[in-house]
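Naming: A, B, ... by sequence-line order, numbering from 1 per chain.
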Amino acid sequence: MLARMMRNTPAAKASRRGFLLGSAAVSGALVIGFRPSAGSAQSATAPAEAALTPYIRIGADNRVTIAAAHMEMGQGIYHGTATLVNEELRADWSQIDVVGGANNPKAFGNLMWGGAIQGTGGSTGLASSYDRYRKAGAAARLMLVQAAASDWKVPAAEITVERGIVRHGSKQATFGALASKAAALPIPANVPLRDPKDWIYIGKDRDVLGKLDSRAKSTGAQVFTIDVKLPGLLTAVMIHPPLFGATVKSFDAAKAKAMPGVVDVVQVPRGIAVVADNMWHALKAREAVTVAWDDSRAEKRSSAELMASYRETAMKPGGANAVTAGNVDAAFKGAAKVLEATFEFPYLAHAALEPLNAVARIGNGRVEVWGGHQMPDIYQAIAAQVAGVTPDRVTMHVMKTGGGFGRRAVADGDIIQEAVSVSRALGGRPVKVQWDRENDMRGGRYRPAYVHYLKAGLDKEGNVVAWYNHIVGQSIMTGTPFEAGYVKNGVDPTSTEGAHKLPYAFPAMKVDLTTAKVGVPVLWWRAVGSTHTAYAVEAFIDELAEAAGKDPIQFRLAMMKDSPRHVGVLRLAAEKAGWGQPLSAGRFRGVALAESFNTFVAQIAEVSLENGQPRVHRVICAIDCGIAVNPDNIRAQVEGGVGFGLGAVLKSQLTLDGGKVVQGNFDGYEVLRIDEMPQVEVHIVPSAQAPTGVGEPGVPPIGPAVANAFYQASKRRVRILPFNRPENA
Amino acid sequence: MIRFTLNGRAQEANVEADMPLLWAIRDVIGLTGTRFGCGQALCGACTVWIDGQPTRSCQTTMADVAGKAVTTIEGVSGRVTEAVQKAWVDLDVPQCGYCQSGQVMAAIALLESNRKPTDNDIDAALSGNICRCATYQRIRSAVHQAARSLA
């Protein structure tokens, strides 16, 4: 089931970009949604309400409820979706609510992934929603206007819609007052979209449209998965194997079961669940459970051992070839100077502040699952399988989540499996499985550790004539349903993205990948492959510029004749940073550039030295993400991306000792805090191109920009991350 | 039975003395604005005030709060609170929003004692509050904006 859904994904590209709109009257509300019946787009037949999956519901109470196709984890996609709808609809901003849509991949499928499954990731949310939600908003407005026109017996073309009021001369009506009449009309056959010159919301700032959830998130009122309340809701905490790949041999819960509030202790496929009336009782009882583990098939290597073997592999030729251009061997032979460097990247945890959780309930043959459903159709199939029902019996409730950074997009739906299997073991009772920080930190699914070996040849004039990059590390997609569609000739593109296609015109270039087989589960981590490839490439480019005796920006520009958008952001960042102009004493600059998820970002970091480590004072960013739908959200995402990436390169690492994860909480796994946050300035390149993502692309350049600035300050190249590793002292 | 004051009202909780305040207010009393992040007083998501002082509720037992006044994000009010929350909204500080209850509790407490905090004062008062979305720059700006509006 799952494999079949995934196999459809890459092949289905673009063919499903068109979609069918329908409308229905549902208890006095106008509902615009996805209409499943076949036929020409936007057919005039109103379908039965049950068959319609709503995008927009306009109630008699004058509320406009938008069902978003992408889950909200802080990236601002609910805000973006509402902006797209309302550019066409023109409701008053205060009458809009956004909820998470789910349970129908045909309606909510991610169009950037081919449309077959719903999912959030790869910074695709806005691009996938761009036409879908503007069309839905436009259809709703046309129907409201038509209802008013018939009512008032005036031409529809003379009616205006502004801030939730439909008006003609002295006549006016709210959306709510027109909703049921509008719902009785056929949906228009033709739904034209506004000309960009008439936009009043897209591209406008916070003073026009503040985020709808900022207040709830500043007053504690926002409800996350951890806050879900249901009658009789129980809380379960997990005991996971101490080694990846270990399994339960036996366990003794007699003592725990006798403790206050404990309902049961049950074995489920992923471990042992201690179920109680509240979190504290569950946590306390967990201490009293003893488990014997079978670790005969577990991963027992240490991270130091893994890195040593990666290093050795990386220095030798081999692996699968990701790209070859020109005659690399000949180009190296003819080079005047050859440079080499090896970079090491640790495992990284997502460490979202809301530890992983999900709520499940089974009853009357139906299953409900609340959670941060980043891939709801896949999780629905998993929940169905675990509960022993068909997927149509499973309802997914999409919650906003306390961060994600990729952690909630897991092909095997780890937390979903746990919640549904624990509920099933308890006869369907509602249960929240809540990981504690240590479960979360030690639960695997890390950004894989990698080693990059890089070698480049320069000619007498300092031009790059040859480039070689050997990447060694685990594959994220291998062994998941994504493998069939994406991994080709032994190359997982998420291992090499940011390295196999560069903006620089090298006459000869080769990138190889050796995929390591390790029993540590790995996953996409905000900006995925570019979190390491951009560092290796851009730090090495800085070394080459120095060897060539050239300014690092001029050095890059000279190689980017065919990369205008890269050039655009690099020039803008340089201009805004005053590149080439003197800095105050003790301050040094470094630059880096990266394209990820079709968005282009250049960053210039200003650092000084403090106890041998970089202190980052200011980061100037330029971003080209096509049409800037929500400029302030773009700034926010780049500010946050800089902070997220900076914390990781300065001090985050997940290490293994004999296969056991060493770090368990924020004392061992350090992340950026407010006193280390630089001033971040974000400059957006004006563009008329279709919008691309902003959630991830702010992350990749910060590491190398800081490394390159740190080199200017210290004459030390940091090639082993994080910066605070003893090797760098 | 543990008796204390919660958000200005007398509160009784029939819980064990070693239960952390965090789980009592979330799971027993039902106020969920105070968030669980680490359980070890390392992240600040569970910040409440005890007798006006910002405190990590995950490392405070119910025995510790007997007879004391506990204030959660649901119970804050007054000029400083309004100024802080307005600045948070005006600048769209939150991204995921999960840490922001703790950030707001720490920020209000800072402004209650220091009406004109510098960047360093803000960093010192809030460095125990992790924001994984790294909204730190806007948090600083919002504290300054709130301070200006209170001047």
Q: Indicate whether the side chain of B/Ser127 and that of A/Asp675 have a donor and an acceptor atom separated by less than 3.5 Å.
A: no
Q: Heavy-atom pairs under 4.5 Å with chain A - which of B/Ile139, B/Val84, B/Asp90, B/Thr72 has more of them than the others?
A: B/Asp90
Q: Just by distance, do the side chain of B/Arg140 and the backbone of A/Met677 share a donor-acceptor pair under 3.5 Å?
A: yes
Q: Taking side chain as everything from C-beta outward and backbone as N, CA, C, O, which of these in A/His350 sits under 4.5 Å from a heavy atom of chain B? Side chain, backbone, both or neither.
A: backbone
Q: Would you name the heavy atoms of B/Arg132 and A/Val671 that are closest together and state the gap between them?
A: NH1-CG1, 3.4 Å
Q: For the backbone of A/Met279 and the side chain of B/Asp27, can you confirm whether one donor and one acceptor N or O come within less than 3.5 Å of each other?
A: yes
Q: Please assess B/Ile122 against A/Ile674 for the test side-chain contact (heavy atoms from CB on, under 4.5 Å), listing each intermediate value before the final yes or no.
A: CA-CA 8 Å; B/Ile122 297 169; A/Ile674 193 168; 4.2 Å; yes
Q: Within a reach of under 6.0 Å around NZ of B/Lys86, are more than 12 heavy atoms found that belong to other residues, nucleotides or ligands?
A: no
Q: Could you tell me which of A/Ala221, A/Ala352, A/Ala351, A/Gly404 has the largest number of non-hydrogen atom pairs under 4.5 Å with chain B?
A: A/Ala351
Q: Measuring from B/Cys96:SG to A/Gln75:CD, what's the distance to the nearest 0.5 Å?
A: 10.0 Å
Q: Counting only non-hydrogen atoms closer than 4.5 Å, does A/Phe666 touch chain B with its backbone (N, CA, C, O), its side chain (CB onward), both, or neither?
A: both
Q: Check whether any side-chain N or O of A/Asn665 sits under 3.5 Å from a backbone N or O of B/Leu42 as a donor-acceptor pair, and report yes or no.
A: no
Q: Any donor-acceptor pair under 3.5 Å linking the side chain of B/Gln100 with the backbone of A/Ser218?
A: no
Q: Which one wins on heavy-atom pair count under 4.5 Å against chain A: B/Ala45, B/Cys99, B/Gly128, B/Gly37?
A: B/Gly37
Q: Distance check, rounded to the nearest 0.5 Å: B/Thr61 atom OG1 versus A/Trp280 atom CH2?
A: 9.0 Å
Q: Taking atom CZ of A/Arg526 and atom SG of B/Cys133, what is their separation to the nearest 0.5 Å?
A: 7.0 Å
Q: Please check: side-chain N/O of B/Tyr136 versus main-chain N/O of A/Leu672, any donor-acceptor pairing under 3.5 Å?
A: yes
Q: Report the C-alpha distance between A/Asp632 and B/Arg138 in whole Å, list the side-chain angles of each, state the deciding distance to 0.1 Å, and finish with yes or no for salt bridge (charged side-chain N to carboxylate O under 4.0 Å, His left out).
A: CA-CA 12 Å; A/Asp632 194 61; B/Arg138 290 184 189 224; 2.8 Å; yes
Q: Go through the atoms of A/Leu283 and report whether side chain, backbone, both or neither lie under 4.5 Å from a heavy atom of chain B.
A: side chain
Q: Is a side-chain N or O of A/Lys217 found less than 3.5 angstrom from the main chain of B/Gln95, in a donor-acceptor match?
A: yes
Q: Go through the steps for B/Met19 and A/Asn278 under the test side-chain contact (heavy atoms from CB on, under 4.5 Å), then give the verdict.
A: CA-CA 11 Å; B/Met19 181 183 274; A/Asn278 64 47; 3.6 Å; yes
Q: CD1 of B/Ile130 to CD of A/Glu670: how many Å apart, nearest 0.5 Å?
A: 9.5 Å
Q: Quick check on A/Lys211 against chain B: is it the side chain, the backbone, both or neither that has a heavy atom closer than 4.5 Å?
A: both
Q: Are the side chains of B/Thr135 and A/Glu639 in touch, meaning some heavy atoms are under 4.5 Å apart?
A: no
Q: Can we say A/Asp227 and B/Arg26 salt-bridge, meaning some charged N sits less than 4.0 Å from an Asp/Glu carboxylate O?
A: yes
Q: For the candidates A/Pro678, A/Gly643, A/Gly647, A/Ala636, which exhibits the highest count of non-hydrogen atom pairs separated by less than 4.5 Å from chain B?
A: A/Ala636
Q: Any side-chain to backbone donor/acceptor pair from B/Arg35 onto A/Gly220? Under 3.5 Å, distance only.
A: yes
Q: Counting only heavy atoms closer than 4.5 Å, note whether B/Asn129 contacts chain A via side chain, backbone, both or neither.
A: backbone
Q: Could you grab the distance from atom CZ of A/Arg437 to atom SG of B/Cys43, nearest 0.5 Å is fine?
A: 7.0 Å
Q: Please check this pair: side chain of A/Arg673 against backbone of B/Cys131, looking for a donor-acceptor N/O pair closer than 3.5 Å.
A: no
Q: Atom CZ in A/Arg635, atom CG in B/Asp92: separation rounded to 0.5 Å?
A: 11.0 Å
Q: Just do the side-chain contact (heavy atoms from CB on, under 4.5 Å) check on A/Thr219 and B/Trp88 with the steps written out, would you?
A: CA-CA 10 Å; A/Thr219 59; B/Trp88 245 249; over 6 Å; no
Q: Where does B/Glu16 contact chain A at under 4.5 Å (heavy atoms): side chain, backbone, both or neither?
A: side chain
Q: Hey, does the side chain of A/Glu354 reach the backbone of B/Tyr98 with a donor-acceptor pair shorter than 3.5 angstrom?
A: no
Q: A/Lys284, A/Lys400, A/His79, A/Glu72: which one forms the most heavy-atom pairs within less than 4.5 Å of chain B?
A: A/Lys284
